[in-house]
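When a ligand or atom number is given, it counts from 1 through the structure's own listing order.
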Amino acid sequence: MTDFFTTVPEPVRFEGPESDNPLAFRWYDADRVVGQKTMAEHLRMAVCYWHSFNWPGNDVFGDGTFDRPWLAADLEPMEAARTKMAAAFEFFEKLGVPYFCFHDHDVAPTGSSFAEETANLNELADDMAVHMERTGVGLLWGTARLFGHPRYMAGAATNPNPEVYARAAAQVKNCMDVTHRLGGQNYVLWGGREGYETLLNTDLSRELDQLGRFLNQVVEYKHHIGFHGTILLEPKPQEPTKHQYDYDSQSCFAFLQRYGLEDEVKVNIEVNHATLSGHDFQHELAMAAACGILGSVDANRGDDRLGWDTDQFPNSVEEMSLGVYEILRAGGFTTGGFNFDTKLRRMSIARDDLFHAHIGGMDTLARSLLVAHSMLEDGVLEGRRSGRYAGWETGLGADILHGNGPGASLGSLHHFVGDTELDPAPISGRQEELENLVNRFIERVR
Ligand code: XLS
Ligand code: NI
Ligand code: NI
């Protein structure tokens with residue numbers, strides 16, 4: 001273990017809600033059993049390599065502010081990558097988080113040729129395997145960075161030049177191989193450049209076909225190497241491009257169906273991407289679950305006043321409780337989990353700020369799990385929901401669904417309404433009462 005995070009000498013421990021120790025968990029008690037599983041098993045939380053260890057704290061107007069010595073320009077790149085990795089695993093281990101996630105280029109320098117890029121990644125993957133073995137930290141997912149290099153400025157799979165497609169495919173193959181080798185639970189594709197800046201130079205129909213072809217090749221390769229993880233698309237409506245094809249869960253589902261992949265690929269829902277697409281986090285999860293493609297989550301939060309991906313740490317128990325509720329209703333995660341795709345604010349430059357941020361996020365999710373579980377156990381919300389649709393189970397509703405009796409056609413329904421002088425009475429949706437109920441669960445959870 002290195003000693004980069006010297007101000008946090010001990011692993012972070014659970015001390016309970018009454019604790020005032022800022023470096024202790026107040027809600028996340030990894031082994032606490034909630035329903036059928038422990039908190040750790042339900043939440044399957046991960047730290048992301050990129051924002052936490054690879055981002056120097058720069059923004060479009062200013063330079064890096066963070067203390068990340070391994071990012072200094074004059075270091076030997078492989079040595080710097082090893083130092084970064086040691087600090088990252090020191091952090092994962094002290095935080096007690098079960099998983100991490102990475103992009104190929106976060107962990108390995110790209111070098112000056114494809115051969116060098118491949119060799120670097122494979123060599124550093126060997127080092128990662130050793131760290132993983134030593135710490136017991138697992139890989140939630142790997143992904144290839146297909147949006148940073150200038151060659152990808154006009155897209156990777158959707159580039160007008162097939163040579164760029166080929167280069168991206170080769171990079172993804174490398175990254176899938178490494179993800180597979182490290183026991184990754186999923187493989188993610190976020191199409192940061194798979195969209196357009198202007199329709200004046202874009203052939204939408206071709207680009208969608210290219211993206212469909214690419215994803216089919218990814219799925220074929222997954223089966224070819226016997227990777228048992230899940231392939232995940234990460235929806236985002238825009239940023240960096242004006243429009244991204246994987247706009248939201250519902251458009252991803254339509255895309256997957258069009259290219260015959262709806263049983264092969266799921267989605268990785270990011271809170272801030274949901275809000276950028278004009279939806280609640282809860283909506284994106286519920287829609288993905290309804291379409292049978294709910295895979296994993298990038299946990300973070302946006303800022304209501306800002307129209308970009310601020311990637312702040314989640315801190316709203318209400319927002320997360322509604323999200324976890326949808327996940328539990330759908331049966332919980334299988335290969336998925338909660339990855340903190342989160343960035344410190346640029347002024348949070350102390351080394352232990354990374355601990356405070358993740359502890360807050362993990363506690364928020366743990367408390368939200370307790371709320372969501374208690375709402376589901378109690379059954380009051382589910383009872384109210386199913387009660388609203390009771391009419392579809394028998395009689396007229398069942399006849400409509402199955403094409404029987406008065407439900408057979410528009411004509412027979414016309415007769416039925418005429419004969420019975422049907423005049424259904426509206427029933428209250430009781431939204432405010434339900435919202436109060438959710439608040440009651442939040443208040444009571446312990
Ligand atoms: C960017 C995305 C990115 C993906 C991984 O907005 O959230 O970080 O999660 O490429
Ligand atoms: Ni993300
Ligand atoms: Ni994002």
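For a threshold of 3.5 Å applied to N or O pairs, the pair formed by W190 and ligand 1 contains no separation below that value. Polar contact check, W50 against ligand 1: a nitrogen or oxygen pair lies under 3.5 Å apart. The shortest N or O to N or O distance between W141 and ligand 1 is not below 3.5 Å.
Less than 4.0 angstrom separates some heavy atom of H103 from each of these atoms of ligand 1: 5 (C), 10 (O). Near E234, with a cut-off below 4.0 Å to any heavy atom, the atoms of ligand 1 are 2 (C), 3 (C), 4 (C), 7 (O), 9 (O). Of all atoms in ligand 1, listed by their number and element, those nearer than 4.0 Å to a heavy atom of D341 are 2 (C), 3 (C), 4 (C), 7 (O), 8 (O), 9 (O).
Heavy atoms from other residues, nucleotides or ligands lying under 6.0 Å from CG of N436 number more than 12. Environment of CD in E76: crowded, with over 12 heavy atoms of neighbouring residues, nucleotides or ligands closer than 6.0 Å. The number of heavy-atom neighbours closer than 6.0 Å to CG of L204, taken from other residues, nucleotides and ligands shown, is above 12.
Between the D106 side chain and the H103 main chain, a donor and an acceptor come within less than 3.5 Å of each other. Using a distance-only test at 3.5 Å, with no hydrogens or angles considered, no donor-acceptor pair links the side chain of S348 to the main chain of L344. Judged by distance alone, the side chain of N300 and the main-chain N or O of D341 form a donor-acceptor pair under 3.5 Å. R351 places no side-chain N or O within donor-acceptor distance of the main-chain N or O of F5, the cut-off being under 3.5 Å. Without hydrogens or angle criteria, T158 side chain to G155 main chain gives no donor-acceptor distance under 3.5 Å.
Among the backbone and side-chain atoms of D311, no N/O/S atom is found under 2.8 Å from the Ni ion (ligand 2).
Angle OD2 (D298) to the Ni ion (ligand 2) to OE2 (E234): 110°, rounded to 10°. Vertex the Ni ion (ligand 2), arms ending at OD2 of D341 and OE1 of E270: the angle is 90° after rounding to 10 degrees.
The part of D298 lying near ligand 1 is the side chain, judged by heavy-atom distances below 4.0 Å. Contacts of H273 with ligand 1, taken as heavy-atom pairs under 4.0 Å, involve the side chain alone. Only side-chain heavy atoms of E270 come within less than 4.0 Å of ligand 1; its backbone N, CA, C and O stay farther off.
Its N, O or S atom nearest to the Ni ion (ligand 3) is what matters here, and for D309 that atom is OD2.
Taking the six-membered ring where tryptophan is involved, the planes of F100 and Y49 are tilted, since the angle between them lies from 30° to 60°.
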